[in-house]
Undergrad: 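Sharing a structure, written as structure tokens. Questions coming.
Values in this document were obtained by computation on a predicted structure and should not be read as measured data.
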Amino acid sequence: MKNTNKKQQMLSILETMIQNAEKGPSGFWVDDHEGCGNPDIFPEFKEGLKRGSLVQKEHYLCPWNTAVLYGNGHGNINTGCYHSCSIRKAKYLSPEMVKAVLIRFKKLLQNGYYDNPQNLKPLLKENEINYIEKRIRREKQERDLKIKTEKAARLKKAAKLIDKYPNAKDILGAYYGKDEYGNSSEYGLIDFHPNGMKEVVGAEKFSYDDFLEVQFNSARKQRTGFINASNNITLGYKGCIERKTAKAVCFKRIWIEGMYSDGVCFDDKEEHVWMDIKGFESFNVGDSLAFAADVYRYVKKSNGKTIDYGLRNPVGITKIDPYILPSDKELMAQRIDSIICEACYLSEQCNKMTCILNKSVKRQRKEMLDVILQEYDPEKDLR
């Protein structure tokens with residue numbers, strides 16, 4: 001903190017900030033398209049914001065440090081800008097206030113007040129603190145009013161659907177007409193994109209309400225294995241041809257091998273999957289195959305219209321030796337084991353490949369898994 005050269009450079013930077021106070025406050029870095037550096041005051045920050053590269057200005061002490069602005073007990077001056085920053089609050093100050101704060105800070109810096117910052121008094125005056133808090137409250141009120149108004153408009157537009165599906169009122173109020181996915185405990189993941197039906201085979205001519213209605217009707221009736229595959233990284237599929245017609249093939253069971261975004265691999269499966277014959281013409285009933293394919297959504301018309309998931313555009317089709325697929329109980333064991341891993345207190349240090357727990361804990365974990373699986377009945381949900 002006693003670097004004289006850095007202090008002189010800082011005074012020069014502060015003068016630039018003071019002369020440009022009407023452009024708002026500025027910090028001293030930008031990185032990866034964000035940061036506190038204000039390119040309207042320091043043009044060199046434009047490059048970092050544009051290219052996502054680190055651009056940093058050396059500085060003695062930041063005036064927007066929480067401990068500097070609010071005094072002792074409101075931040076730690078020794079943890080640096082990133083961990084003790086209040087520039088977001090400083091941005092609520094008027095240009096006149098920004099200028100006054102910077103002039104005040106510059107004088108204190110010149111007088112050596114910050115050379116040994118043990119007992120810092122607030123740089124902000126009480127009226128400035130109140131001004132910031134008042135603007136934050138007003139902004140929150142405006143934001144809440146906007147959210148309330150937009151929700152009321154969505155509920156009005158979705159009135160006919162709400163009459164049919166009263167339990168969907170909350171999710172319709174939150175997402176109707178938005179380019180987003182919404183999730184609810186009753187209906188699961190719903191595609192609310194206004195043009196989402198154009199991506200669903202057989203739904204291209206649906207109205208928006210038709211598109212949402214068929215999704216509500218599809219809740220808990222879709223192929224969850226393919227949903228899992230579509231939301232993560234698919235490594236490949238395996239299956240044995242059970243039936244074959246002139247236009248399609250049916251796999252008794254499709255085995256899904258995939259990977260979550262954190263690098264953890266998973267297995268899943270789907271039963272009785274029909275696919276277009278294209279690519280499978282030269283194979284016979286009983287052949288076991290491995291291939292890659294795209295997951296897609298389509299309108300399923302049997303037993304009422306629902307949206308389900310299937311596979312298309314197979315590539316890399318190869319015949320493989322017959323293999324024994326894991327049982328439902330083995331799949332369940334894998335899922336439970338994955339949940340236990342995620343809850344482990346060492347999960348952040350684990351490479352997800354080699355368990356680092358001690359032997360006694362591993363034994364307890366296995367015993368717990370065995371107890372759970374003893375009660376597992378794969379046919380329970382079908383009865």
Undergrad: With rounding to the nearest 0.5 angstrom, report the NZ to CG distance, K107 to L102.
TA: 12.5 Å

Undergrad: Once you round to the nearest 0.5 Å, how far does NZ of K6 lie from CD1 of I13?
TA: 10.5 Å

Undergrad: Should K205 and D210 count as an ion pair when the cut-off is N to O under 4.0 Å?
TA: no

Undergrad: Apply side chain to side chain contact (heavy atoms under 4.5 Å, CB included) to K134 and N130, showing your working.
TA: CA-CA 6 Å; K134 183 178 180 180; N130 292 337; over 6 Å; no

Undergrad: Are any side-chain N or O atoms of D308 and backbone N or O atoms of R223, one a donor and one an acceptor, separated by less than 3.5 Å?
TA: yes

Undergrad: Assess the residue pair I241 and F283 against the criterion (side chain to side chain contact (heavy atoms under 4.5 Å, CB included)); give the C-alpha distance rounded to whole Å, side-chain angles, the decisive distance to 0.1 Å, and a yes or no.
TA: CA-CA 8 Å; I241 297 177; F283 299 102; 3.8 Å; yes

Undergrad: Counting the benzene-type ring for Trp, do F280 and F251 have ring centres under 6.0 Å apart?
TA: yes

Undergrad: Do you know which of N232, N231, T224 makes side-chain hydrogen bond (donor to acceptor under 3.5 Å, both in side chains) with N228?
TA: N232

Undergrad: Please check if the side chain of S26 supplies one atom and the backbone of N38 the other of a donor-acceptor pair under 3.5 Å.
TA: yes

Undergrad: Salt bridge check: are K99 and E22 linked by an N-O gap of less than 4.0 Å?
TA: no

Undergrad: Taking NZ, NE, NH1 and NH2 as the nitrogens, is one of them in K198 or E204 under 4.0 Å from a carboxylate oxygen of the other?
TA: no

Undergrad: Following the transitive rule for hydrophobic clusters with a side-chain heavy-atom cut-off under 4.5 Å over Ile, Leu, Val, Met, Phe, Trp and Tyr, establish whether L109 and F28 coincide in one cluster.
TA: yes

Undergrad: Check this for me: does any side-chain nitrogen of one of R104 and E128 sit under 4.0 Å from a carboxylate oxygen of the other?
TA: yes

Undergrad: Looking only at heavy atoms, what is the nearest atom pair of P63 and V68, with distance?
TA: O-CG1, 3.7 Å

Undergrad: Quick check on the hydrophobic clustering: are L155 and Y176 connected, directly or via other members, by side-chain heavy-atom contacts under 4.5 Å?
TA: yes

Undergrad: Is there a salt bridge (charged side-chain N to carboxylate O under 4.0 Å, His left out) between E270 and R253? Walk through the geometry before answering.
TA: CA-CA 6 Å; E270 289 294 353; R253 172 179 282 189; over 6 Å; no

Undergrad: For G196 and F211, work out which heavy atoms get closest and say how close.
TA: C-CZ, 3.6 Å

Undergrad: Apply side chain to side chain contact (heavy atoms under 4.5 Å, CB included) to M275 and R312, showing your working.
TA: CA-CA 7 Å; M275 294 182 65; R312 65 182 176 183; 5.7 Å; no

Undergrad: Hey, mind stepping through I129 and Y70 against side chain to side chain contact (heavy atoms under 4.5 Å, CB included) and telling me if it holds?
TA: CA-CA 9 Å; I129 294 174; Y70 289 91; 4.0 Å; yes

Undergrad: Charged N to carboxylate O below 4.0 Å: is that the case for E271 and K252?
TA: no

Undergrad: Between the main-chain N or O of M97 and the side-chain N or O of S94, is there a donor-acceptor pair closer than 3.5 Å?
TA: yes

Undergrad: Just by distance, do the side chain of S288 and the backbone of I320 share a donor-acceptor pair under 3.5 Å?
TA: no

Undergrad: Do the ring planes of Y187 and F216 sit parallel (below 30°), tilted (30 to 60°) or perpendicular (above 60°)?
TA: tilted

Undergrad: Out of curiosity, does V101 fall in the hydrophobic cluster containing I41 (side-chain heavy atoms, cut-off under 4.5 Å, transitive links)?
TA: yes

Undergrad: Examine distances only and state if a side-chain atom of T234 and a backbone atom of G236 form a donor-acceptor pair shorter than 3.5 Å.
TA: no

Undergrad: With a 4.5 Å cut-off on side-chain heavy atoms, are I132 and L124 touching?
TA: yes

Undergrad: Quick check: closest heavy atoms across G27 and I87, and the distance to 0.1 Å?
TA: N-CD1, 3.6 Å

Undergrad: How close do V30 and G48 get, heavy atom to heavy atom, and via which atoms?
TA: CG2-CA, 3.8 Å

Undergrad: Evaluate the side-chain proximity of F105 to L69: yes if any heavy-atom separation is below 4.5 Å, no if none is.
TA: no

Undergrad: Ignoring hydrogens and angles, tell me if any N or O in the side chain of Q222 forms a donor-acceptor pair with the backbone of I307 under 3.5 Å.
TA: yes

Undergrad: Should we say atom NZ of K157 is surrounded by more than 12 heavy atoms from elsewhere, each under 6.0 Å from it?
TA: no

Undergrad: Using the side-chain hydrogen bond (donor to acceptor under 3.5 Å, both in side chains) rule, pick out the option among K140, K146, K148 that qualifies with D144.
TA: K140

Undergrad: Quick check: do L14 and M17 have side-chain heavy atoms less than 4.5 Å from each other?
TA: yes

Undergrad: Atom CH2 in W64, atom OG in S84: separation rounded to 0.5 Å?
TA: 14.0 Å

Undergrad: Determine whether the side chains of S86 and T66 contain a donor N or O and an acceptor N or O closer than 3.5 Å.
TA: yes

Undergrad: Look at atom NZ of K178 and say whether more than 12 heavy atoms of other residues, nucleotides or ligands are closer to it than 6.0 Å.
TA: yes

Undergrad: Check whether any side-chain N or O of R154 sits under 3.5 Å from a backbone N or O of G173 as a donor-acceptor pair, and report yes or no.
TA: yes

Undergrad: Check whether NZ of the Lys or CZ of the Arg K57 lies under 6.0 Å from the centre of the six-membered ring of F42 and within 45 degrees of that ring's axis.
TA: yes

Undergrad: Starting at CG of D209, measure out to CG of L161 and round the result to the nearest 0.5 Å.
TA: 4.0 Å

Undergrad: Is the terminal nitrogen or CZ of K238 (NZ for Lys, CZ for Arg) located under 6.0 angstrom from the six-membered ring centre of F291 and within 45° of that ring's axis?
TA: no

Undergrad: Side chains of S53 and D31, heavy atoms from C-beta outward: is any pair under 4.5 Å?
TA: no

Undergrad: Show the nearest heavy-atom pair for residues E257 and D267, with the distance to one decimal.
TA: CG-OD1, 3.8 Å

Undergrad: With a 4.5 Å limit on heavy-atom distance, are the side chains of Y208 and F192 in contact?
TA: yes

Undergrad: Run the salt-bridge test on K319 and D287 with the 4.0 Å N-O cut-off and return the result as yes or no.
TA: yes

Undergrad: Taking the side chain as everything from C-beta on, heavy atoms only, tell me whether Y131 gets closer than 4.5 Å to K125.
TA: no

Undergrad: Under 4.5 Å between side-chain heavy atoms, hopping through other hydrophobics if needed: is there a path connecting I103 to L93?
TA: yes

Undergrad: Let me confirm one number: the OH-NZ distance from Y237 to K269, rounded to the nearest 0.5 Å.
TA: 15.5 Å

Undergrad: For a quick test of reading the model, state the closest non-hydrogen atom pair linking V98 to A90 and the distance between them.
TA: CG2-O, 4.3 Å

Undergrad: Between D191 and H193, is any side-chain donor less than 3.5 angstrom from a side-chain acceptor?
TA: yes

Undergrad: Is the shortest side-chain heavy-atom distance between V200 and V299 below 4.5 Å?
TA: yes

Undergrad: How many angstroms lie between OG1 in T16 and CG in L11, if you round to the nearest 0.5 Å?
TA: 11.0 Å

Undergrad: Do any N or O atoms from the side chain of D276 and from the backbone of K278 form a donor-acceptor pair under 3.5 angstrom?
TA: yes

Undergrad: Any salt bridge between E139 and R137, counting N to O under 4.0 Å?
TA: no

Undergrad: Please check if any side-chain donor atom of Y114 sits under 3.5 Å from a side-chain acceptor atom of N65, or the reverse.
TA: no

Undergrad: Same hydrophobic cluster for V201 and Y309, using side-chain heavy-atom links shorter than 4.5 Å among ILVMFWY?
TA: no

Undergrad: Keeping K244 on the side-chain end and I277 on the backbone end, is there a donor-acceptor pair under 3.5 Å?
TA: no

Undergrad: Donor-acceptor pair, E281 side chain versus G279 backbone, under 3.5 Å?
TA: yes

Undergrad: Please examine the side chains of L235 and I256, heavy atoms only from C-beta on, and report whether any two atoms are closer than 4.5 Å.
TA: no

